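These notes are about the structure you will find just below.
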Amino acid sequence: MGAAIAAPGLLSATTKAKLVAGAAPHKLSPPGPVRLASVPINPDLQGRTLEPTPPYLVGREKIREFSRAVFATNPVNLDPQAAQSAGYADVVAPTTFPIVVQQLTLDQLLALPHAGIDFSRVVHGDQRFSYTRPIVAGDELTGRLTVTSIKSLGGNSMITAETVVTDAAGEHVVTATSTLVVRAED
Amino acid sequence: MAETLNVGDIVAEAAFPLTRDSLVRYAGASGDFNPIHYRDDVAASVGLPGVLAHGMLTMGLAVQPVSDWVGDPARILDYQVRFTRTVVVDAESGAEILVVAKVGKLDDEAGQARIDLTVTVGEQTVLGKAQVLVRL
């Protein structure tokens, strides 16, 4: 907790715990062949796809709890009957709910032993959700992350990771994309 | 939704008063228990001006006026934001997030509209390029 974090959006404490465990030894060993002082992220990560997460079963009460937390008042988010009247099997998740599944994949990324991502310098730069269909209670979702870009800008480095979320049938539901900014050393 | 839309039209507006309770509720719902979102001492120890709202909470609530306006969540096809400024939530006075949703672009052929969100606290914008693509 020593480093200053000036973060508009930050990752979870669990991410941090895993990263600290994974990243600490990395500081002792130099990264790969490309060694730029301003790009501490291991460039070999570019294009890397991680293992799919175990299935996440979306619960009705979890959707209702998340809905209340983001001030969702649309009855389809809260009331199973309203959702069914609108043609859904059960309550519908708010737009940003996929962060719950995406977070599991970001935890995987940050815990990679040779990623070289110093969590205490990570801030959430931007976020996007691109849908094929809404998430409904009862869905069994799997997330699979691919690192799509690693860039350097003004001493900071930016890593963009795309998590493809699919259902039990393997069909696309939503793609959640985050750019994490790793701030330059002070 | 039957009325004719024009670029620049305001389709929804809302104010969201946040308190520390809101942050604890979001922490539990999302699983993001980073203590900078509920502990003053931890926030201060890492050099922050105070306890911050989760960026994903701001993003999550800012789309709600659009969700209500379009009615059916299946009409929200894409939602993106850039986190440009932190939202400090005072223990006593909280913080108020204002959202104005305007038509940014219309694609009549595809039956889609891009709704641009202006999300502010005080006079300051806290999200950049906050765009929601909806099917009309």
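These figures come from a predicted structure and were not determined experimentally. Below, chains carry the letters A, B, ... as their sequence lines are ordered, and counting in each starts from 1.
Only the side chain of B:Q64 comes within contact range of chain A, judged by heavy atoms closer than 4.5 Å. Interface residue B:F16: only side-chain heavy atoms are found under 4.5 Å from chain A.
At a heavy-atom cut-off of under 4.5 Å, chain B is reached by A:E65, A:F66, A:R68, A:A69, A:V70, A:F71, A:A72, A:T73, A:N74 from residues 64-74 of chain A, listed in order of number. Near-neighbour residues of residues 85-101 of chain A relative to chain B, defined by a heavy atom under 4.5 Å from a heavy atom of that chain, comprise A:Y88, A:V92, A:P94, A:T95, A:T96, A:I99, A:V100.
Between the side chain of B:R135 and the backbone N or O of B:L77 there is no donor-acceptor pair closer than 3.5 Å. Here the side chain of A:D139 pairs a donor or acceptor atom with the backbone of A:V136 at under 3.5 angstrom. Checking side-chain atoms of B:N34 against main-chain N and O of B:I36 turns up a donor-acceptor pair under 3.5 Å. Counting only distance, with no hydrogens or angles, the side chain of B:T84 and the backbone of B:V126 share a donor-acceptor pair below 3.5 Å. A side-chain donor-acceptor contact under 3.5 Å links B:T19 to the backbone of B:D21. The backbone N or O of B:T120 lies less than 3.5 Å from no partner atom in the side chain of B:Q124, so there is not a single donor-acceptor pair. Judged by distance alone, with hydrogens and angles left aside, the side-chain atoms of B:H37 form no donor-acceptor pair with the main-chain N or O of B:L23 at under 3.5 Å. Between the side chain of A:Q46 and the backbone N or O of A:I150, at least one donor-acceptor pair lies under 3.5 Å.
Pairing each heavy atom of B:V42 with each of B:P35, the nearest pair is CG1-CG, 3.9 Å. The shortest non-hydrogen separation linking B:L117 to B:A62 is CD1-O, 3.5 Å.
Of the inter-residue distances, the one linking B:Q112 atom CD with B:L133 atom CG reads 4.5 Å to the nearest 0.5 angstrom.
Counting heavy-atom pairs closer than 4.5 Å to chain A, the top residue among B:L61, B:L57, B:D78 is B:D78.
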